[in-house]
Every structure is written in structure tokens, then in C-alpha cells.
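Take a look at the structure below.
Order of the sequence lines sets the chain letters (A, B, ...), proteins ahead of strands, with each chain counted from 1. For clarity, every value in this text was computed on a predicted model and none was experimentally measured. Side-chain atoms are counted along with the backbone in the values below, which use heavy atoms only and exclude waters and symmetry mates.
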There are 2 protein chains.
Amino acid sequence: MSNQCESSNENCIGQLEKSIAVIGSKWTLLILRELSSGTKRFAQLQKSLKGISPKTLSLRLKELEKNKIVIKKIYPEVPPRVEYSFASRGESLKKILHDLYEWGAEPPDGEK
Amino acid sequence: MSNQCESSNENCIGQLEKSIAVIGSKWTLLILRELSSGTKRFAQLQKSLKGISPKTLSLRLKELEKNKIVIKKIYPEVPPRVEYSFASRGESLKKILHDLYEWGAEPPDGEK
DNA sequence: CTGAATCCATTCTGATACTG
DNA sequence: CAGTATCAGAATGGATTCAG
């Protein structure tokens with residue numbers, strides 16, 4: 001029901017843009033790759049993703065969390081401990097990203 | 001062969017980023033929607049996409065053309081006439097965008 | 001008509017320092 | 001350890017004007 005994206009539907013474009021904006025930000029794919037190998041903590045991510053600033057990492061994680069792509073788990077301990085992991089929506093996203101990758105890697109084939 | 005995007009492969013991320021950058025730019029999706037209903041000329045697109053500047057439209061079309069998503073056909077006439085239409089890569093992209101749309105529209109459902 | 005050039009506004013990102 | 005605040009620089013988009 002109405003999850004078809006037709007020429008006349010403005011709304012679906014907006015939805016699509018939102019989705020692309022989330023996964024299209026710089027670092028997002030790298031973050032997802034890191035998390036795909038398992039739960040990670042903030043400092044771990046920061047270390048793996050050499051060059052990312054804490055601000056950017058924080059922003060990206062916040063967005064990913066808001067979009068239910070990753071799950072943030074806070075342990076009320078001292079020192080503070082926070083873990084990030086894939087949510088189920090993140091898992092289903094992986095397949096799409098894989099398709100998109102294949103699309104991009106596809107040879108231009110018989111042109112000209 | 002090697003079109004699997006694994007944790008250890010840096011290269012595939014770059015490819016993915018490139019693809020997302022192309023389709024993720026503002027207006028790109030709108031342009032693709034316009035073209036999905038058939039071949040269009042520059043002025044037609046500019047008129048349909050109310051608010052787009054010729055510069056932006058030109059840039060986006062150039063990128064889409066470079067990535068073989070749309071085809072540019074120039075008629076050596078006076079006044080000049082240029083037509084844009086979907087390439088085959090554009091067609092296969094449509095399916096992926098549809099999947100992505102469905103992913104984005106997917107309800108957060110039973111999490112927790 | 002097509003689209004390149006220019007200038008300006010807005011947004012995004014990075015580096016660094018600092019707090020709970 | 002986790003994350004925010006601040007500021008500067010880069011990248012992106014828009015309006016307008018001009019040219020082939």
C-alpha cells in the first residue's frame with residue numbers, strides 16, 4: 001500500500017533523499033563497516049577510523065541511532081561505557097548497499 | 001570475482017561512496033524522476049524542476065552522463081537542441097532506489 | 001536554446017580544547 | 001571514556017549574467 005514510488009508521488013522522493021542523506025554522509029559507510037564486525041565503543045571507533053574527529057563521529061552516530069540503524073547501549077558505570085552495534089534495520093540496509101556497490105562496480109559494457 | 005564488499009576491502013567503500021555521491025546530490029533524484037517519464041530537453045527539465053538553477057542542472061546532468069545513468073544527445077541544429085534520456089544503467093539503478101525507498105519507509109517495528 | 005562564468009549564502013567537516 | 005563547544009576552512013547550492 002502506497003510504498004510504490006511513482007512519478008506523481010512527491011513524498012517518496014523526500015523519503016529517499018532522507019535515506020540517502022543518512023548513509024551518504026562522509027564517514028557513515030566506514031562507521032557501518034566497523035560495526036559490521038561487531039559491537040564497538042566510542043573510543044574504539046575513533047581509533048579505527050583514523051582521522052575522524054569526535055564531533056563528527058558523535059554526529060554520525062547520533063544520526064544512525066535516530067534512524068534505527070545502530071543501537072546505542074549505555075552502561076551506568078565509572079568510567080562511562082557506551083557500546084554501539086547494528087540494529088535490524090542496519091542489517092537490511094547492508095543488502096541494499098551491496099546491491100548499490102555491485103551497480104557501481106558494473107562495467108559500462110557495450111557502449112559506443 | 002571480488003565484487004563482494006567485505007570488511008577488509010577498502011576499495012569497495014570508495015566505490016560505494018562514489019555511487020552514493022552521484023545519486024545523493026540535491027536535485028538528482030528529481031531529475032531522474034523527470035527523465036523516467038521520457039526524453040527531455042534542457043529547458044523542459046529546468047521548467048519542470050521549478051527552482052533549479054541552470055548551473056546546478058548542468059552540473060547534475062554532466063555527472064549523470066559521466067556515470068552513464070543518462071544519455072545526452074546533441075542535434076546539430078539551430079537553435080541548438082539537446083535531449084536527455086535514461087541509459088540502461090539508469091534503469092537498473094531504479095530498482096535499487098526502489099529498494100532503498102522501501103527500506104526508508106519501513107516501520108521501526110518491534111525493536112527493543 | 002544550451003550551458004558556462006561569476007559571486008554570494010549556506011552547509012558540512014576538521015582540529016582542538018574542555019567538561020561530566 | 002564519552003561527548004560537547006568553538007572556530008576556521010572546504011564544499012555545495014542558488015541567482016544572475018553572458019556567450020555560442
Side-chain angles (χ1 to χ4, degrees), chain A residues 13-14 16-35 38-67 69-86, chain B residues 13-14 16-35 38-67 69-86:
Chain A
I13 297 279
L16 211 33
E17 280 177 338
K18 251 189 55 183
S19 301
I20 293 178
V22 174
I23 61 175
S25 300
K26 210 174 188 176
W27 291 110
T28 305
L29 292 177
L30 283 312
I31 292 172
L32 292 180
R33 190 184 58 178
E34 288 304 316
L35 290 181
T39 296
K40 294 264 164 57
R41 298 176 60 171
F42 193 92
Q44 276 183 293
L45 288 170
Q46 198 175 4
K47 193 180 166 193
S48 303
L49 305 167
K50 292 183 210 309
I52 196 172
S53 68
K55 171 191 164 188
T56 303
L57 179 56
S58 178
L59 281 176
R60 293 288 81 84
L61 286 172
K62 213 170 280 182
E63 240 185 37
L64 288 171
E65 187 199 354
K66 194 176 68 189
N67 284 273
I69 298 173
V70 306
I71 293 172
K72 175 180 183 176
K73 189 148 197 288
I74 303 177
Y75 296 84
E77 304 173 356
V78 175
R81 183 170 144 216
V82 180
E83 291 183 345
Y84 294 92
S85 56
F86 256 76
Chain B
I13 297 279
L16 212 33
E17 280 176 339
K18 253 189 52 185
S19 301
I20 293 178
V22 174
I23 62 174
S25 299
K26 211 175 189 176
W27 291 110
T28 305
L29 292 177
L30 283 312
I31 292 172
L32 291 180
R33 189 184 59 178
E34 288 303 317
L35 291 181
T39 297
K40 293 266 165 57
R41 297 178 60 174
F42 193 92
Q44 275 183 295
L45 288 170
Q46 198 174 6
K47 192 179 167 194
S48 303
L49 306 167
K50 293 185 211 310
I52 195 173
S53 69
K55 170 192 166 187
T56 303
L57 179 54
S58 178
L59 281 177
R60 293 288 82 82
L61 286 172
K62 211 170 285 182
E63 241 185 36
L64 288 171
E65 188 200 354
K66 195 176 67 188
N67 284 273
I69 298 173
V70 307
I71 292 172
K72 176 180 183 174
K73 189 147 197 290
I74 304 177
Y75 295 85
E77 304 173 357
V78 174
R81 182 170 144 218
V82 180
E83 291 184 346
Y84 294 92
S85 57
F86 255 75

Quickly work out the [X] [atom1] to [N] [atom2] distance and round it to whole Å.
| X | N | atom1 | atom2 | answer |
| --- | --- | --- | --- | --- |
| B:E65 | C:dT2 | CD | C1' | 13 Å |
| A:I52 | C:dC12 | CD1 | P | 16 Å |
| B:I74 | C:dT2 | CD1 | C1' | 9 Å |
| B:L61 | C:dA4 | CG | P | 10 Å |
| B:L29 | D:dG13 | CG | C1' | 16 Å |
| B:L57 | D:dT12 | CG | P | 18 Å |
| B:K50 | D:dG14 | NZ | P | 16 Å |
| A:E17 | D:dT12 | CD | P | 17 Å |

Quiz item: Quick one: are A:L29 and B:I20 in side-chain contact, heavy atoms under 4.5 Å?
Solution: yes
Quiz item: Do the side chains of B:S25 and B:R60 get nearer than 4.5 Å, heavy atoms only?
Solution: yes
Exercise. Name the nucleic acid region contacted by A:Y75, choosing base, sugar-phosphate or nothing; use a 4.0 angstrom heavy-atom cut-off, strictly under.
Key: nothing
Exercise. Quick one: label A:K62 by what it contacts on the DNA or RNA (base, sugar-phosphate, nothing), any heavy atom closer than 4.0 Å.
Key: sugar-phosphate
Per [X] side chain, nearest of listed nucleotides [options]:
| X | options | result |
| --- | --- | --- |
| A:K55 | C:dA15, D:dA2, D:dA15 | C:dA15 |
| A:K26 | D:dG20, D:dC1, C:dT13 | C:dT13 |
| B:S53 | C:dG3, D:dA15, C:dG14 | D:dA15 |
| B:P54 | D:dC1, C:dA4, D:dG13 | C:dA4 |
| A:V82 | C:dG3, C:dT13, D:dG3 | D:dG3 |

Rounded at 0.5 Å granularity, tell me how far [atom1] in [X] sits from [atom2] in [Y].
| X | Y | atom1 | atom2 | result |
| --- | --- | --- | --- | --- |
| A:I69 | A:L61 | CD1 | CG | 11.0 Å |
| A:L35 | A:Q44 | CG | CD | 9.5 Å |
| A:E65 | A:Y84 | CD | OH | 7.0 Å |
| B:L30 | B:K50 | CG | NZ | 12.0 Å |

If you compare every side-chain N and O of [X] against the phosphate oxygens of [N] (OP1, OP2), does one of them come in below 4.0 Å?
| X | N | result |
| --- | --- | --- |
| A:T56 | C:dT13 | no |
| B:R60 | D:dG13 | yes |
| A:K72 | D:dG3 | yes |
| B:R41 | C:dT2 | yes |
| B:Y84 | C:dC1 | no |
| B:W27 | D:dG14 | yes |

